[in-house]
Amino acid sequence: MLPSVLRCARPVSSHPALTRPFAHFRPHMDPDPSRPVQRAITTKLTDALKPDHLEVQNESHMHAVPPGSESHFRVLVVSSKFEGLPLIQRHRLVNEALKEELSSCVHALAIQAKTPEQWQSNPTVAKSPPCMGGSKGDHTVEEKLKAGRE
């Protein structure tokens, strides 16, 4: 797991997209500098989609992965670039922006892609269901989960 994370982790300088305020961007959603994959996702989605609102949530802790992993994410992207596009096209734009991460270190990505009008009428973030045990054959899961609780 660690080598694939390191492949995705590359320094991101103080990029203007990370410092300029979005119309509805909440400060508590600023990327944590100790989370290079989350920071890269935030930067790439900001550059590609110029969102009015962006939330990137690392949901790896909800899965049987080592503590500190960056492999499972949920993103909420509100962008005028989604105007007139069907949901599949919106998802394709997000996937295209994150193709490097999706081909290497990100195992799962849940996407909410809304227009500003949709977000204004329903500003809710979907919740991910609990992990259904995709690693049932992995006999080290109990050890990993125990390590995460300690």
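We use all heavy atoms of the structure for the numbers below, so side chains are in, but hydrogens, waters and symmetry mates are not.
- By the 4.5 Å heavy-atom criterion applied to side chains, Lys114 and Asn122 are counted as neighbours.
- Within the 4.5 Å cutoff, side-chain heavy atoms of Trp119 are placed close to those of His53.
- In this structure, the side chain of Gln118 engages the main chain of Thr115 through a donor-acceptor pair within 3.5 Å.
- A 6.0 Å sphere centred on CD of Gln89 holds more than 12 heavy atoms belonging to other residues, nucleotides or ligands.
- Side-chain contact check for Leu54 versus Leu49: every heavy-atom pair is 4.5 Å or farther apart.
- With sequence neighbours excluded, no residue forms a ring pair (Phe, Tyr, Trp, His ring centres under 6.0 Å) with His91.
- Looking at Val77 and Ile111, their side chains never come closer than 4.5 Å, going by heavy atoms from C-beta outward.
- Val94 places a side-chain heavy atom less than 4.5 Å from the side chain of Phe82.
- At least one side-chain heavy atom of Lys44 sits less than 4.5 Å from a side-chain heavy atom of Glu101.
- Of the possible donor and acceptor atoms, one in the side chain of Asn58 sits under 3.5 Å from a partner among the backbone N and O of Ser69.
- Ser79 approaches Pro51 most closely through the heavy-atom pair CB-CA, 4.2 Å.
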Item to check | Working for side-chain contact (heavy atoms from CB on, under 4.5 Å), residues Gln57 and Phe73 | outcome: CA-CA 6 Å; Gln57 299 173 351; Phe73 287 90; over 6 Å; no
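- A distance of 9.0 Å separates NZ of Lys127 from CD of Glu59, quoted to the nearest 0.5 Å.
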Next on the checklist: Pair Val106, Leu98 - check side-chain contact (heavy atoms from CB on, under 4.5 Å), show working.
Outcome noted: CA-CA 9 Å; Val106 173; Leu98 303 177; over 6 Å; no
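- Taking CG of Asn95 as the start and CZ of Arg90 as the end, the distance is 14.5 Å to the nearest 0.5 Å.
- Ser60 contributes a side-chain N or O that, together with a main-chain N or O of Ser71, makes up a donor-acceptor pair within less than 3.5 Å.
- At a threshold of 4.5 Å between side-chain heavy atoms, the hydrophobic network of Ile, Leu, Val, Met, Phe, Trp and Tyr places Val78 and Val125 in one connected group.
- The shortest distance between side-chain heavy atoms of Cys105 and Glu70 does not fall below 4.5 Å.
- For the pair Arg74/Glu55, no side-chain contact is recorded, criterion being any heavy-atom separation below 4.5 Å from C-beta on.
- Of the inter-residue distances, the one linking Leu102 atom CG with Ile41 atom CD1 reads 7.5 Å to the nearest 0.5 angstrom.
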